[in-house]
Amino acid sequence: MAVQPPSIVNKPYRLAEIIKETPDVDTFRFKSEDGSKLAFDPGMFVMLTWPGKGTEQKITRAFSIASAPNSDELEFEIHMIHGRFTSKLDSAKVGDIYTVTGPYGQFRFVPKEDRKVLFIAGGTGLAPFMSMLRELRINGYDNDVVLLYSVRYPDEIIRKDELKELEAALKLKMVICVTRPTEERSAGWIGETGHVSAEMVKKHAPDFMDRTAYICGPLGFVKAVQDVLTQLNVPKEKVKADVWG
Ligand SMILES: Cc1cc2nc3c(=O)[nH]c(=O)nc-3n(C[C@H](O)[C@H](O)[C@H](O)COP(=O)(O)OP(=O)(O)OC[C@H]3O[C@@H](n4cnc5c(N)ncnc54)[C@H](O)[C@@H]3O)c2cc1C
């Protein structure tokens, strides 16, 4: 199959808002300079470029789109690891211009094709699922969704209030799993605990064989979840994964 060319190349986007989401993750919202809207399937990513300054060269990184398709805005959930690109974002200001090329990726959710799904997110890997859930809500789709969302601590939950609203508005069962429940930072947590396991999948999505599984997160997380699904005999063609590492 021929690779589809990107629908936009180095298009200017102005930074419109920065939200401190969790201790390590910021939400960055950009708006296209010419007001045009980007079409993509939820789950896809774009290449975001910091344009460079003085003698410093431009830097480009991939980011999953967290916002819904067909908007003049693009939202990203970015783990601020103070690397080459993210350290530029550390000092970014509303009004700064970046450029965007894309969209790209095979990690695509088409609501009309996948009616029953199991979304499994690790940390910032929630980003593409935000796009998917927002798309379902905007279009009034009634897809049957189970979301297993793994974080180390409760204060790492991204978009907590919006997730609750989405749970109320959609046919969505959301299970947040805290992997470090005994530490002080997790004090008061009364929800699910532990890493995503076969038991957890069977408990919260007993009909997992009828669902298409989508996994996104760091490499170790994605591999561990793929192993869990293999252990449960889920066919490989029913599992889609997006790895960032
Ligand atoms: C398809 C795709 C989608 C992506 N979507 C997102 C997204 O939505 N949100 C997001 O935050 N990142 C996402 N990433 C990762 C992103 O592209 C960058 O790699 C990340 O922001 C680090 O870039 P940097 O230049 O700051 O770090 P670099 O200077 O490139 O790396 C610094 C060091 O940190 C390590 N590192 C890289 N990423 C991480 C990480 N996330 N956590 C811990 N250590 C890391 C590197 O291995 C390296 O050793 C995505 C990557 C891909 C391929």
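Just so you know, residue 1 is the first one in the sequence shown, and it goes up from there. Counting convention: from 1, in listed order, for ligands and their atoms alike.
- Note: an N/O pair closer than 3.5 Å links T86 and ligand 1 by distance alone.
- Each of L148, V228, V239, V196 was scored for a side-chain contact (heavy atoms from CB on, under 4.5 Å) with I215, with one residue passing: V239.
- Shown here are the side-chain contact (heavy atoms from CB on, under 4.5 Å) partners of T212, two or more places apart in sequence or in another chain: D114, V117, Y214, K238, K240.
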Subject >> Check against side-chain contact (heavy atoms from CB on, under 4.5 Å), I65 and V46 >> reply: CA-CA 7 Å; I65 308 164; V46 291; 3.7 Å; yes
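- One finds the CZ atom of R159 at 5.5 Å from the CZ atom of R134 (value rounded to the nearest 0.5 Å).
- Under 4.0 Å from ligand 1, the heavy atoms of I81 that appear belong solely to its side chain.
- In this structure, F85 and F63 have tilted ring planes: the angle between them lies in the 30° to 60° band.
- Counting only heavy atoms from C-beta outward, the side chains of S131 and F109 never approach each other to under 4.5 Å.
- Among M44, R61, M47, the residue whose heavy atom lies nearest to atom 25 (O) of ligand 1 is R61.
- Counting the atoms of ligand 1 from 1 in the order shown, those under 4.0 Å from a heavy atom of I78 are 11 (O).
- Between Y13 and F28, the ring center distance fails the sub-6.0 Å criterion.
- Checking only distances, F85 does come within under 3.5 Å of ligand 1, N or O to N or O.
- Only the backbone of E77 comes within 4.0 Å of ligand 1, judged by heavy-atom distances.
- Less than 4.0 angstrom separates some heavy atom of R84 from each of these atoms of ligand 1: 24 (P), 25 (O), 26 (O), 27 (O), 28 (P), 29 (O).
- Within the set A62, C216, G43, the minimum heavy-atom distance to atom 50 (C) of ligand 1 is found for A62.
- At a 4.0 Å heavy-atom cut-off, ligand 1 touches F63 through backbone and side chain alike.
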